[in-house]
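See structure below.
Quick caveat, the model's predicted, so the values are computed rather than measured.
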Amino acid sequence: MSLSFYDVELGSRLLLGTSLYPSPQIMLDAIAASGCEVVTVSLRRESSSEKSGQAFWSLIQSANVRVLPNTAGCRGVKEAVNTAYMARELFGTPWIKLEVIGDDDTLQPDVFGLVEAARILADDGFEVFPYTTDDLVVADRLLNAGCRVLMPWGAPIGSGRGLNNPYALSSMRAHFPDVPLVVDAGIGLPSHAAAAMELGYDAVLLNTAVARAGDPVAMARAFSLAVDAGRAAWQADPMMPRDMAAPSTPVLGTPFRDL
């Protein structure tokens with residue numbers, strides 16, 4: 001079954017960010033190598049200056065991917081909402097990755113402001129992708145506010161720590177079986193992405209792990225393979241962990257035994 005966000009079907013379950021790359025060409029090559037169909041774009045980068053913003057937008061358009069604008073860096077409801085309106089006008093899409101940051105050290109979402117901003121935007125026709133924590137109550141509030149996708153963090157943005165709380169992420173998957181779930185932030189290695197997919201998550205979103213790799217193009221390809229492998233493993237219904245050993249070779253009928 002293909003991935004679907006707000007009734008838009010996608011073939012790839014890997015989403016990439018577009019910042020921090022050594023060069024625009026390396027960014028484009030990494031996007032192509034990853035096979036991703038959605039990239040996130042910060043309005044702050046696009047609007048940094050008119051000339052550079054237009055050049056960057058042209059680059060993204062040449063990649064032939066769907067754009068998911070984000071409200072990166074916003075630290076309040078009003079700022080995030082205003083940024084979302086500007087993004088919709090600039091990029092011509094109702095999609096918005098909603099970030100409302102509450103802590104400067106961990107970049108943890110302000111979940112109270114996040115729910116408020118999500119409700120405002122969803123009521124005005126936005127299709128909101130909220131960057132949130134792995135809290136089930138917050139997730140339920142976001143869904144009630146009109147979100148149809150949830151994007152819990154794996155670890156703090158840019159930390160590369162992987163999945164800090166697999167139990168909480170697994171609980172969210174079980175609690176919301178029919179909601180598209182994307183692990184967003186903290187992914188540092190392809191094995192982290194595979195682990196997220198093995199929990200039954202629908203996709204992963206990452207940026208720094210590819211952009212800051214020694215070879216971003218090769219790393220993008222590695223993440224693509226990891227996401228596919230993790231998804232295939234989950235679909236194969238993996239065995240559950242056991243507390244005791246279980247022999248893979250039957251012992252019944254063994255011809256020789258020590259006496």
Side-chain angles (χ1 to χ4, degrees), residues 12-22 27 30-31 33-34 36 38-40 42 68 70-75 97-111 114 129-139 142 149-176 180-231 233-234 238 241:
S12 172
R13 295 175 181 272
L14 177 61
L15 289 69
L16 281 184
T18 55
S19 64
L20 304 176
Y21 289 88
M27 178 192 70
I31 291 173
S34 74
C36 77
V38 176
V39 298
T40 60
S42 170
L68 174 59
N70 66 40
T71 62
C74 292
R75 286 169 168 75
K97 181 191 171 190
L98 182 61
E99 297 183 25
V100 183
I101 301 301
D103 181 79
D104 289 338
D105 292 327
T106 64
L107 299 181
Q108 179 170 326
D110 171 1
V111 295
L114 182 66
F129 296 68
Y131 165 61
T132 184
T133 64
D134 50 28
D135 187 285
L136 295 181
V137 176
V138 174
L142 287 167
V149 177
L150 296 173
M151 304 181 78
W153 66 348
I157 294 172
S159 67
R161 294 181 58 86
L163 308 184
N164 272 356
N165 195 340
Y167 171 77
L169 292 171
S170 181
S171 296
M172 182 175 285
R173 176 71 286 173
H175 200 75
F176 303 106
L181 300 179
V182 182
V183 170
D184 175 18
I187 299 294
L189 293 169
S191 58
H192 299 158
M197 300 302 292
E198 288 168 2
L199 292 177
Y201 273 69
D202 297 283
V204 296
L205 193 163
L206 54 99
N207 186 169
T208 309
V210 168
R212 289 304 196 202
D215 186 340
V217 177
M219 186 62 78
R221 188 175 299 111
F223 269 105
S224 177
L225 295 170
V227 167
D228 288 346
R231 178 69 178 179
W234 180 76

Do Asn70 and Ser42 touch side chain to side chain, with heavy atoms closer than 4.5 Å?
yes

If I compare all heavy atoms of Arg231 with all of Met197, which pair ends up nearest, and what's the gap?
N-CB, 3.6 Å

Nearest 0.5 angstrom please: Met172 CE to Leu181 CG, how far?
7.0 Å

Give the table of side-chain donor-acceptor pairs shorter than 3.5 Å for residues 213-229, with sequence neighbours excluded, one pair per line with atom names and distance.
unit_1: Asp215; atom_1: OD1; unit_2: Val217; atom_2: N; d: 3.3
unit_1: Asp215; atom_1: OD1; unit_2: Ala218; atom_2: N; d: 3.1
unit_1: Ser224; atom_1: OG; unit_2: Ser34; atom_2: O; d: 3.1

Approximate separation, where rounding is to 0.5 Å, of Leu15 CG and Asn207 CG:
11.5 Å

Pairs touching residues 159-173 that satisfy salt bridge (Lys or Arg N to Asp or Glu O under 4.0 Å), sequence neighbours left out
Arg173-Asp202

Would you name the heavy atoms of Pro238 and Ala233 that are closest together and state the gap between them?
CD-O, 3.2 Å

Are Leu107 and Pro156 close enough that some pair of their side-chain heavy atoms sits under 4.5 Å apart?
no

One should read off an interatomic distance between Thr132 OG1 and Asp110 CG, to the nearest 0.5 angstrom, of 10.5 Å

Test side-chain contact (heavy atoms from CB on, under 4.5 Å) applied to Leu189 - qualifying residues, sequence neighbours left out:
Ser191, His192

Does anything in residues 191-201 form a salt bridge (Lys or Arg N to Asp or Glu O under 4.0 Å)? List the pairs, not counting sequence neighbours.
none

Sub-4.5 Å side-chain heavy-atom contact between Leu16 and Tyr21
yes

When you measure from the side chain of Thr18 to the backbone of Thr40, do you find a donor-acceptor pair of N or O atoms at a distance under 3.5 Å?
yes

Roughly how far, to the nearest 0.5 Å, is OH of Tyr201 from CG of Leu169?
4.0 Å

So Ile187 and Leu163, do their side chains get closer than 4.5 Å, heavy atoms only?
yes

Listed by chain and number, what are the side-chain contact (heavy atoms from CB on, under 4.5 Å) partners of Thr133, not counting sequence neighbours?
Gln108, Pro109, Val111, Asp135, Trp153

Please name all residues satisfying side chain to side chain donor-acceptor pair (under 3.5 Å) with Ser171, sequence neighbours left out, ordered by chain then number.
none

If you compare all heavy atoms of Val149 against all heavy atoms of Pro130, which two are closest, and at what distance to 0.1 Å?
O-CD, 3.0 Å

Hey, could you give me each pair passing salt bridge (Lys or Arg N to Asp or Glu O under 4.0 Å) that has a residue in residues 180-194? Not counting sequence neighbours.
Lys97-Asp184

Among residues at least two apart in sequence or on other chains, which ones pass salt bridge (charged side-chain N to carboxylate O under 4.0 Å, His left out) with Asp104?
Arg75

With sequence neighbours excluded, residues passing side-chain contact (heavy atoms from CB on, under 4.5 Å) with Thr208
Leu20, Arg212

To the closest 0.5 Å, what do you measure between OH (Tyr131) and CG (Leu114)?
10.0 Å

Side chain to side chain contact (heavy atoms under 4.5 Å, CB included) evaluation trace for Leu68 with Phe129:
CA-CA 9 Å; Leu68 174 59; Phe129 296 68; 3.6 Å; yes

